[in-house]
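Here is the structure we will look at.
All values derive from a computational prediction rather than experimental measurement. Just so you know, these numbers use all the heavy atoms, side chains as well, and skip hydrogens, waters and symmetry mates. Index from 1, following the sequence.
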Amino acid sequence: MNNKFFKVFFVIIFSFIVISCAETSPVKVIIKDAHLYVPLKGSMMTSGYLSIVNKSDENIEILSIDCSPIRAEIHETTINAKGLMKMTKPNSVVLESQSSTIFVPGGKHIMFWGLNGFDSKYLPCSFSFVDGESINFNFLVQTRG
């Protein structure tokens with residue numbers, strides 16, 4: 001009986017040590033405060049905002065966003081030398097190492113189409129990175145008013 005107890009005890013302790021020593025991949029990207037408002041009545045579009053932190057020592061490049069079945073794109077609003085505002089769809093967004101980027105009105109933001117009648121509290125999305133990795137997150141869907 002003592003021999004069986006010792007074997008079970010040894011297996012448990014050994015398993016604990018192996019699990020404790022196993023490498024876990026550190027979190028490289030943190031997405032916070034992702035939110036959007038439902039479109040205004042009569043509109044098909046709205047925009048969303050968030051902040052992203054790149055905790056890695058390397059630049060990370062976002063290629064796209066997927067919020068299927070809702071259409072979503074990364075956009076950026078810029079002002080040219082003549083003071084004219086223009087919205088463009090960049091090919092990618094580079095997150096500098098050890099930095100944060102905030103998607104805000106008048107800057108980088110996410111454009112959404114097809115949210116009319118959307119009745120969930122959260123919209124699941126994912127960013128795809130140039131290295132083939134992706135990160136899943138949720139936008140909090142807020143009503144206006």
Q98-N54 side chain donor-acceptor pair, cut-off 3.5 Å: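 No, because no side-chain N or O of Q98 sits under 3.5 Å from a partner of the opposite role on N54.
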
Do T88 and E76 have a side chain donor and acceptor closer than 3.5 Å?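 Per modelled atom types, T88 and E76 side chains form no pair under 3.5 Å.
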
Short question: side chain of [X], backbone of [Y] - any donor-acceptor pair under 3.5 Å?
X    : Y    : result
T46  : Y37  : yes
N116 : S43  : yes
N59  : S97  : yes
H109 : G107 : yes

Tell me, do P105 and Y49 make a side-chain contact under 4.5 Å, heavy atoms counted?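 Side-chain contact under 4.5 Å: yes.
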
Would you say the side chain of M111 lies within less than 4.5 Å of the side chain of M87, judging by non-hydrogen atoms?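 In contact.
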
Nearest 0.5 Å, what's the [atom1]-[atom2] distance between [X] and [Y]?
X    : Y    : atom1 : atom2 : value
K32  : I52  : NZ    : CD1   : 11.5 Å
M45  : L115 : CE    : CG    : 12.0 Å
I65  : R71  : CD1   : CZ    : 13.0 Å
D33  : S51  : CG    : OG    : 5.0 Å
E73  : S47  : CD    : OG    : 13.0 Å
C125 : I135 : SG    : CD1   : 12.0 Å

Take I62 and L95 through the side-chain contact (heavy atoms from CB on, under 4.5 Å) test and state the conclusion after the steps. CA-CA 8 Å; I62 299 172; L95 306 173; 3.9 Å; yes

Show the nearest heavy-atom pair for residues [X] and [Y], with the distance to one decimal.
X    : Y    : value
I110 : A72  : CG2-CB, 4.1 Å
I74  : K89  : O-CG, 3.5 Å
K108 : V93  : CE-CG1, 3.8 Å
L36  : G48  : CB-CA, 3.8 Å
N138 : A34  : O-CB, 3.5 Å
F127 : F137 : CD1-CE2, 3.5 Å

Establish whether L63 and F103 are linked, either directly or via other cluster members, by ILVMFWY side-chain heavy-atom contacts under 4.5 Å.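 Shared cluster, no.
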
Can you confirm whether E58 is buried at CD, in the sense that more than 12 heavy atoms of other residues, nucleotides or ligands lie under 6.0 Å from that atom?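 No - once you tally the heavy atoms of other residues, nucleotides and ligands closer than 6.0 Å, there are 12 at most.
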
Within 6.0 angstrom of N91 CG, more than 12 heavy atoms from elsewhere: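 No, because the 6.0 Å sphere around CG of N91 holds 12 heavy atoms or fewer from other groups.
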
Between V141 and F118, is the side-chain contact (heavy atoms from CB on, under 4.5 Å) condition met? List the steps. CA-CA 9 Å; V141 179; F118 189 80; 3.6 Å; yes

Which residue, I30, I31, I102, forms the side-chain contact (heavy atoms from CB on, under 4.5 Å) with V53?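 Among the candidates, only I30 passes.
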
Only counting residues at least two apart or in another chain, list the ones meeting salt bridge (charged side-chain N to carboxylate O under 4.0 Å, His left out) with E133.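 For E133, the residues satisfying salt bridge (charged side-chain N to carboxylate O under 4.0 Å, His left out) (neighbours in sequence not counted) are K28.
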
In sequence, state the C-alpha distance, the side-chain angles, and the governing distance for I70 and W113, and then conclude on side-chain contact (heavy atoms from CB on, under 4.5 Å). CA-CA 6 Å; I70 304 301; W113 292 263; over 6 Å; no

Where does the angle between the aromatic ring planes of F139 and F112 fall among parallel (under 30°), tilted (30 to 60°) and perpendicular (over 60°)?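 Aromatic pair F139/F112 classed perpendicular.
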
